[in-house]
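Reading through the structure tokens given below for one structure.
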Amino acid sequence: MALTHEILSSLHLADKIGAWGTLGTIRPLKSFDQDFAVEKLAESLETKGNRQLISDIVTSLNNDQRQEVIKLYKDSTQQDLVAKVQKSLSGDLEKAIVGLLKTPAAYDAQELRASMKGLGTDEATLTEILCTRTNTQLREIQEIYKQEYKTDFEKNIISDTSEPYTGLLLALAKGKREKDAGIIDYALIQQDSKVLTALGPKNSPNSDIWIRILSERSLGHLRRVFDQYSNDNSMGIEDSIKKYFKGDFQKAALTLVAVIKNTALYFADKLHNAMKGLGTDENTISRVLISRSETDLLSIRVAYRRKYGKSLYSSLQSEVKGDLQACLLSLCRAEDL
């Protein structure tokens, strides 16, 4: 016990939580009463009354508990809870509550579909989701995508994007990333660095090789490859990407490297960018908080506080307005002093 206490006392908040098993801000509600939740939701939605209560109930539960509420609501009222929310609420709050009521895979599928539907493609959202989900999550997303939208996700990528960006997205979507084996393969690290350094006849790297290595190697291995690459070359991996690649592929490769190096910092930067300057990107803020609330939002909060000198909670208070603010603050959970 003394050793355990010593280890935990040396860690910052997010790491302490990680040692106990979760980095999410949303956890199962111990006093969960699904009958009470359904009763209060039904009353508020029927009268289109207490929007704050609806938000409080939904954000107090984790996703598994929300799915139980959806089922009981259907059994009790013969109505679909998501459809009722869409009818009773509106605007950004309605989008956020609907997002929270969907399973993580269904929510990601919805966001991916929206990023490719209609005129233009939202490459930033497309890249974000494919770069930050696990192999298992990517497979689940594609299954739901096909069920919900009666179309093939990979075909939509091909029709809405262009090479070599298309190739990178398809490689990520396949979910073939290796697991960290716990063994450092120094020979492979040097080999991958050498291959990434090699230039072709037109003095440019082979994008297919970059795609294969970045989408299939384990995260721990790639972090060591990036360090080796910096030692082998006069520039780091990001500067090489900026020098040799252009357009959507360049942006996606830079995103992928940022995620591989430090996922929490990547999301902290994304949230900061969504709130800086004129206007606030509520869709991006909502998506990040909803999708990371049971995964690593505590780590993101810590990374945000360290880099920007203020808490994510206080930034949300100052930059997000209306009913959505309370919902997002409930997901963020607490101030970081």
Test Tyr149 against Met116 for side-chain contact (heavy atoms from CB on, under 4.5 Å), laying out the working first.
CA-CA 12 Å; Tyr149 306 111; Met116 294 185 285; over 6 Å; no
Is it true that [X] and [Y] have a side-chain N and a carboxylate O under 4.0 angstrom from each other?
{"X": "Lys40", "Y": "Glu43", "answer": "yes"}
{"X": "Glu140", "Y": "Arg133", "answer": "no"}
{"X": "Asp80", "Y": "Lys74", "answer": "no"}
{"X": "Asp108", "Y": "Lys102", "answer": "no"}
{"X": "Glu128", "Y": "Arg287", "answer": "yes"}

For [range], which residue pairs pass the side chain to side chain donor-acceptor pair (under 3.5 Å) check, not counting sequence neighbours?
{"range": "residues 172-181", "answer": "Asp180-Ser218"}
{"range": "residues 221-233", "answer": "Asp192-His221, Ser193-Asp232, Thr197-Asn233, Gln228-Asp232, Tyr229-Ser240"}
{"range": "residues 319-331", "answer": "Arg51-Asp323"}

When rounded to the nearest 0.5 angstrom, what is the spacing between [atom1] in [X] and [atom2] in [Y]?
{"X": "Leu289", "Y": "Arg301", "atom1": "CG", "atom2": "CZ", "answer": "10.0 Å"}
{"X": "Cys332", "Y": "Gln317", "atom1": "SG", "atom2": "CD", "answer": "9.0 Å"}
{"X": "Leu89", "Y": "Asp92", "atom1": "CG", "atom2": "CG", "answer": "12.0 Å"}
{"X": "Leu324", "Y": "Leu329", "atom1": "CG", "atom2": "CG", "answer": "9.0 Å"}
{"X": "Arg217", "Y": "Ile189", "atom1": "CZ", "atom2": "CD1", "answer": "10.5 Å"}
{"X": "Lys150", "Y": "Glu148", "atom1": "NZ", "atom2": "CD", "answer": "7.5 Å"}

Evaluate the side-chain hydrogen bond (donor to acceptor under 3.5 Å, both in side chains) criterion for residues Asp281 and Thr284: first the C-alpha distance (whole Å), next the side-chain angles of each, then the deciding distance (0.1 Å), finally the verdict.
CA-CA 6 Å; Asp281 185 351; Thr284 293; 2.6 Å; yes
Please tabulate, one pair per line, all N/O donor-acceptor pairs under 3.5 Å involving side-chain atoms of residues 253-267, not counting sequence neighbours.
| unit_1 | atom_1 | unit_2 | atom_2 | d |
| --- | --- | --- | --- | --- |
| Thr255 | OG1 | Lys251 | O | 3.0 |
| Lys261 | NZ | Glu238 | OE1 | 3.3 |
| Lys261 | NZ | Glu238 | OE2 | 2.7 |
| Asn262 | OD1 | Ala264 | N | 3.3 |
| Asn262 | OD1 | Leu265 | N | 3.0 |
| Thr263 | OG1 | Val259 | O | 2.8 |

May I have the step-by-step check of side-chain contact (heavy atoms from CB on, under 4.5 Å) for Lys95 and Glu282, ending in yes or no?
CA-CA 10 Å; Lys95 292 178 185 176; Glu282 287 87 358; over 6 Å; no
Student check: side-chain heavy atoms of Leu112 and Thr125 closer than 4.5 Å
no
Considering the options Asp248, Asp160, Ile157, which one meets the side chain to side chain contact (heavy atoms under 4.5 Å, CB included) requirement together with Thr166?
Ile157
Checking salt bridge (Lys or Arg N to Asp or Glu O under 4.0 Å) for the pair Arg27/Glu294: CA distance, chi angles, key distance, verdict?
CA-CA 7 Å; Arg27 304 171 204 176; Glu294 293 185 46; over 6 Å; no
Are Ser207 and Tyr244 linked by a side-chain donor-acceptor pair shorter than 3.5 Å?
no
Polar side chain donor-acceptor pair, Asn156 to Tyr145, under 3.5 angstrom
yes
Please answer: with hydrophobic residues joined when any side-chain heavy atoms are less than 4.5 Å apart, are Val225 and Leu188 in the same cluster?
no
Look at the side-chain heavy atoms of Ile, Leu, Val, Met, Phe, Trp and Tyr, link any pair under 4.5 Å apart, and say whether Ile290 and Ile129 land in one connected group.
no
Under the ring-ring contact (aromatic ring centres under 6.0 Å, His included) rule, what pairs show up with a residue in residues 180-217, not counting sequence neighbours?
Trp210-Phe245
Test Leu81 against Val38 for side-chain contact (heavy atoms from CB on, under 4.5 Å), laying out the working first.
CA-CA 9 Å; Leu81 179 56; Val38 167; over 6 Å; no
Leu312 vs Leu316, test: side-chain contact (heavy atoms from CB on, under 4.5 Å). Steps then yes/no.
CA-CA 6 Å; Leu312 176 58; Leu316 292 170; 4.2 Å; yes
Going by the rule side chain to side chain contact (heavy atoms under 4.5 Å, CB included), which residues pair with Gln67 if we only count those two or more places apart in sequence or in a different chain?
Asn63, Ile70, Thr103
What one should report as the nearest heavy-atom pair of Cys327 and Ile97 is SG-CD1, 4.2 Å
Kindly check if the number of other-residue, nucleotide or ligand heavy atoms within 6.0 Å of NZ (Lys310) is above 12?
yes
